Amino acid sequence: MDRPHSDAAGAGRFLGLVFPLLPAIPLLFLITQWGSVAEGNVKSVSFPWVPSLGIEFSFFLDGLNLLFALLISLIGVFVAIYAGAYLRGHPMLRRFFLYLALFMVGMLGLVLAADLITLFIFWELTTISSYLLIGFNHDKASARRCALQALLLTTMGGLCLLAGLILLGYTAGTFDLQEILARGDYVRGHSLYPAILVLILLGAFTKSAQFPFHFWLPNAMAAPTPVSAYLHSATMVKAGIYLMARLHPVLGTTPLWEWTLTIVGAITATLAAILAVRQTDLKLKLAYTTVVALGTITMFFGSDDSVAIAAAITFILVHSFYKASLFMVVGIIDHQTGTRELDRLGGLGKLMPVTWFCAGAAAISMAGFPPFLGFIGKELKYEGALAIATEPTLVAGAAIFANILMVTVAGTLALKPFIGRQRPKSDDIREAHWSLWIGPLVLSTLGLTFGLFTPLIAEGLVQPAVVTLLGEPKIVKLKLWHGVNVPLIMSILTFGLGVCAYLYQRPLRAFLAFLLSFFPTTADRIWDALLEGLKRLADVQTRWLQHGILRRYLRVIFLAATAALLLALIRQDNLSLSVAIPALNVKEWTAMLLVAAGAVMASSVSAPLAAVCALGALGVGVALLYLFFGAPDVAITQLLVETLFLVLIAATLHRLPLSYGRHATRFRRLDALIAIAAGVVVTITILAVIEQPFSSPSSDYFVANSMPEAFGRNIVNVILVDFRALDTFGEVVVVFTAALSAATLVGYTLRGRRR
Amino acid sequence: MKSIVLQTATRTFVALLLMFSIYMLLRGHNQPGGGFIAGLVAATAFTLLAMAWGVKAARQALRISPEGLAAAGLLIAGIASVIAGLFGDAPFTGQWLFLGGSETEKGLPVSSILLFDVGIYLSVLGAVLTLVFALEEND
């Protein structure tokens, strides 16, 4: 591309320097609040939003969302630095930063919201901004497809979530999250509880890519790598996790919750672990390990045991750090060599030592080697798995299986691209710019430091979160050395099998491919088939309903209106009609006769033009009746409309055939029947209505105030331009719009025909 | 459709109809009439012109495009509705001024209501003519 975009690039470089300061602001703020919140204080701020519905625009900060908010802003800072370097000179860098900022705001608002509706608004903001980020390379069809898939899937979940949150607010009697948290027992005992649970979990599962909605996450790798590093480590996919953690005290501890989360989480973790080992694209491999992590966390949230919860919280922390680092490392490899295909990479360690260090540190944390935070997390996971009440074997089994494969994947990521013969063979490959590796370096080093200073993490972050979540003071101990116990044995087993699996990777991959070949289809293909089916359904029903035949539309309208009125009449209990021949004078009878004659003629003549003239006569008769019974304004309007109508019809009619055609008698007989039925039903309805006592507070008001308030004697017009001026304005807008679109259509179709 | 009788009569009728429409517009507040009806009357005048002399002649007589006229009408009605805001009332509240009024004489009433009605008049006229001209033009 030779487009001159030096201006944009210059501004982009400046933005790349300034933008990381944006997430640094909430980060600094959160750090100042940290001490106080860790002691159990809750900060909150609130603005009235929709007071009549009890909805507030409010936020709060406690032990649980402090952890998430810290992760979002800390990793946000490094991702921002990284993105500025990774996309340097990209013509749409400014747009990218805008989307990223939107997303950060959405995530922070989501975890800090103290009102269900506020939470939902930010939830949807993350959905929309992640759509824009995933589809950032919008000139690629695959990126557009993946972005749309993520959008549709998470929006579907979002709609379920909205329904669930409204039901929850309705059940608890408030939308205030903190108050709802205190009413857990009541909500769990309510008959709507299962519906609330299912709807909210659908929202959380789609967002956090749980089986069977796991497939959008690997597809979302179409996004530029900084986006993946951010969305799939600490933010987007953790939104569902946050929601489950947040509502655990309200919805948790029932068998339905425990079994759903345990089973769905276990399936997700196991399936994704298999898929991760099979992948050879580094980024996709990482994407599947993210799904493994999400499944594992979900599985642990199924329990209400404090060790299991602490394991999940610690794992969220560990995972965010190593996953963000690894994504950035893969991005660096891709950026410097131009490929991220495992088989085409090797021997980069000497050329890119810092990157190798970052990859190694993060991968060790991922595999769970001591003394890294990952090891502590894994020990805790095994301890927690054994403590889970529902099905310790299932949970522990799934956790071990997933971890074995994670060890394999970690080994592959840390070793395969960096050792052996150099591939790709090129002299241009060198270490990346510091702004690319500073993020992964800091994050993976932090993982190491955390492992060495565990009490800091345990008391400062994990413990407040666990206490907030469970609502009872529990001491969480994170230790490197627990002594020889069952979790340690499980750990050693994991390492052993993991290393074996790494060494025999090729046969293992072939075996897994063989296993997977028993599945007839993938979730991705099912999704495509569903979308295709939906389109076909829309096609069929549109053809059926919108046939474009005016006569059928009119029949449906009149039949439906008649049927509705008839139904209302039948349901009326004491329907009494007083039918009497009214005492009319000659001119009134004449007008009536004109109306009747017009109607009979319109439905019996054989030429359309004659029928239109007959309708005109009918209209004049109606106008005369208005005039005789004291509504001159309506009469004048009726006359003018009839006149213009005739002119318009005459202008169109000469393009139509002069007679109705061969089938005319049959359909016109049916039309006449419908017309008679409609007329009879409407007449009976009107007779029934005037039997009712007439109450007219608004008419009385208009009569009394027309002169003193609006200085007008013509009440009809005063209503039009003063009392009901807003309605009139709206109607005129409609008239104008209708005329404009009709004129456009007329011009369009005729031009089309001439061609 | 060329008809000498119609064309000759149209000259007089159009002028009469247009005057009548202004009359209907102005008297509307106290007697039958008003912006909507007056707009329809004026539209029949131009429709007559278009039928007798052709759409081209009618467009020339109108001087500005009917779409523009309708849009201008909407704008005028919109302005008339927000005038109330200047006097601290809610939008669409009528504002009245009695020029030369005294204890005994009411004076000449001037109001935002009339301006609103003029806006309705123009937009109804413009909207109807937009459609009429489009249909007649494609004959």
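This structure is a prediction, so every number in the text was calculated from the model and none was measured. Each chain gets a letter, A, B and so on, in the order the sequences are listed, and its residues count up from 1.
- Residues of residues 10-27 of chain B lying under 4.5 angstrom from chain A, judged on non-hydrogen atoms, are B:M24 by number.
- Looking only at heavy-atom pairs under 4.5 Å with chain B, the residue among A:I636, A:V721, A:V732 that has the most is A:V721.
- For A:L53, the CG atom sits in a packed shell: over 12 heavy atoms of surrounding residues, nucleotides or ligands are nearer than 6.0 Å.
- By the neighbour-count criterion of 12 heavy atoms within 6.0 Å, atom CZ of A:F628 is densely surrounded, having more than that number from other residues, nucleotides or ligands.
- Atom CZ of A:R555 is surrounded by more than 12 heavy atoms from other residues, nucleotides or ligands within 6.0 Å.
- Contacts between B:E67 and chain A at a heavy-atom distance below 4.5 Å involve backbone atoms as well as side-chain atoms.
- In this structure, chain A has heavy atoms under 4.5 Å from both the backbone and the side chain of B:T44.
- Across all their heavy atoms, A:A725 and B:F116 have their closest contact at O-CZ, 3.5 Å.
- Nearest approach of B:L74 to A:F729, heavy atoms of both residues: O-CE1, 3.6 Å.
- Of all the listed residues (B:G35, B:G119, B:A77), the one sharing the greatest number of non-hydrogen pairs under 4.5 Å with chain A is B:A77.
- For the set A:L726, A:V733, A:V735, A:T637, the count of heavy-atom pairs under 4.5 angstrom toward chain B peaks at A:L726.
- The choice from B:L129, B:T130, B:I37 that makes the most heavy-atom pairs within less than 4.5 Å of chain A is B:I37.
- Proximity to chain A (any heavy atom under 4.5 Å) is shown, for B:A80, by neither the backbone nor the side chain.
- Of the inter-residue distances, the one linking A:T728 atom OG1 with B:D117 atom CG reads 9.0 Å to the nearest 0.5 angstrom.
- Closest of all the heavy-atom pairs between A:V746 and B:A134 is CG1-O, 3.8 Å.
- In B:F36, the CZ atom is not crowded: 12 or fewer heavy atoms of neighbouring residues, nucleotides or ligands sit closer than 6.0 Å.
- With rounding to the nearest 0.5 Å, the separation of CG in B:L122 from CZ in A:F736 is 12.0 Å.
- The minimum heavy-atom distance linking A:A739 with B:L131 is given by the pair O-CD1, 4.3 Å.
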